[in-house]
Amino acid sequence: DGEDDVDEHVAIYNCRGLRSILEHVDPDDPLRWFELPTVLKRTVLDDFEYVSESGRLYPLPAQVTVAAILHAWVRHRKRTQDTDAGQIRALAESLQRYFNEALSSMLLYEDERPQYAMVTTSHPGKRASEIYGGEHLLRLMVKLPWFLEQLPITRDEVRQFARLFQDLCRFLLRNHYRFFSVVDGS
């Protein structure tokens, strides 16, 4: 049983760039604060296996889109703790912008590119975040340390962003079955 946990950890660590990102981050660097919880890492791995190894594609538009997930998070935070409402909204808007810009060049697997071409043609007025779902949002979240390294932000800003990132992770965990199509390799 413990050996299976080790194998799963190695598989998750090697999945789609997570290893290369974490290898280049100093253990004391605040970017380490952006590591996904194990359940979400497992979802990233299941997503990789679903698309790359099984050759399946997600039906698009997703039932619950990236835009809807981020909007639900903002609404949830407004109801439960309004002290960070402006920061939460700003982060959600930033993540949605990054998602829209990064999807076609950084977040799609090779097998998904023809589907992307078809879906953008058939939904010309919609942004990527209004078409794609939770699994694709997690792919962006895996790459956030790389995005942050490109920005001129202070350590305190990174710390604040990391706190909000962890809050978003908790929200995704609480709503896992609602936001993600691929669960436990299905």
query: If you measure from CG on Leu168 to CD1 on Ile69, what distance do you get to the nearest 0.5 Å?
result: 9.0 Å

- line: Sequence neighbours excluded, the answer for salt bridge (charged side-chain N to carboxylate O under 4.0 Å, His left out) partners of Arg170 is Asp167

statement: Here the pair of heavy atoms bringing Leu36 nearest to Cys169 is CD2-SG, 3.8 Å

task: Return each pair, listed once, that meets salt bridge (Lys or Arg N to Asp or Glu O under 4.0 Å) where at least one residue sits in residues 100-110; pairs must be two or more places apart or across chains.
output: Glu110-Arg113

- request: Take Leu70 and Glu93 through the test side chain to side chain contact (heavy atoms under 4.5 Å, CB included) and record every step on the way to the result.
  value: CA-CA 8 Å; Leu70 293 173; Glu93 289 169 1; over 6 Å; no

field: Listed partners of Ala67 passing side-chain contact (heavy atoms from CB on, under 4.5 Å), at least two apart
entry: Thr65, Gln96, Ser129, Glu130

message: Going by side chain to side chain donor-acceptor pair (under 3.5 Å), name the residues that satisfy it together with Asp111, two or more places apart in sequence or in a different chain.
response: none

task: Any chance you could measure Ser52, atom OG, to Glu112, atom CD, to the nearest 0.5 Å?
output: 7.5 Å

message: With heavy-atom distances below 4.5 Å as the criterion, would you say the side chains of Arg139 and Tyr109 are in contact?
response: yes

task: Could you pull out all residues at least two apart from His71 that satisfy ring-ring contact (aromatic ring centres under 6.0 Å, His included)?
output: none

query: How far apart are the closest heavy atoms of Ala72 and Phe179, and which atoms are they?
result: CB-CZ, 4.5 Å

task: May I ask whether Val142 and Val39 are part of the same hydrophobic cluster, defined by side-chain heavy atoms of I, L, V, M, F, W, Y residues being less than 4.5 angstrom apart, directly or through others?
output: yes

- request: List in chain and number order the residues that pass side chain to side chain donor-acceptor pair (under 3.5 Å) with Arg89, two or more places apart in sequence or in another chain; answer none if no residue qualifies.
  value: none

- prompt: Can you name the residues that form a side chain to side chain donor-acceptor pair (under 3.5 Å) with Thr121, not counting sequence neighbours?
  reply: none

- line: Nearest heavy-atom contact between Gly133 and Val66 is O-CG2, 3.3 Å

task: Look up atom CG in Asp46 and atom CG in Leu138, then write down how far apart they are to the nearest 0.5 Å.
output: 11.0 Å

message: Checking Tyr116 now: which residues fulfil ring-ring contact (aromatic ring centres under 6.0 Å, His included) with it, not counting sequence neighbours?
response: none

message: Would Phe180 and Asp47 count as a side chain to side chain contact (heavy atoms under 4.5 Å, CB included) here? Give the steps.
response: CA-CA 9 Å; Phe180 302 104; Asp47 165 49; over 6 Å; no

- request: Ignoring hydrogens and angles, tell me if any N or O in the side chain of Gln115 forms a donor-acceptor pair with the backbone of Tyr58 under 3.5 Å.
  value: yes

message: For Arg174, give me all partners under salt bridge (charged side-chain N to carboxylate O under 4.0 Å, His left out), at least two apart in sequence or on another chain.
response: none

message: Please enumerate all residues that pass ring-ring contact (aromatic ring centres under 6.0 Å, His included) together with Tyr132, with sequence neighbours excluded.
response: His136

Inter-residue atom distance Leu144.CG - Ser94.OG, 0.5 Å rounding: 10.5 Å

message: Run the side chain to side chain donor-acceptor pair (under 3.5 Å) test against Gln63 and tell me which residues pass, sequence neighbours left out.
response: none

- prompt: Which atom pair, heavy atoms only, marks the closest approach of Thr120 to Ala117?
  reply: OG1-O, 3.2 Å

task: Go through the steps for Trp73 and Leu91 under the test side chain to side chain contact (heavy atoms under 4.5 Å, CB included), then give the verdict.
output: CA-CA 11 Å; Trp73 177 50; Leu91 175 59; 3.6 Å; yes

field: Atom pair CZ/CD1 of Arg77 and Ile88 - distance to nearest 0.5 Å
entry: 4.0 Å

query: To the nearest 0.5 Å, how far apart are CE in Met141 and OG1 in Thr43?
result: 11.0 Å

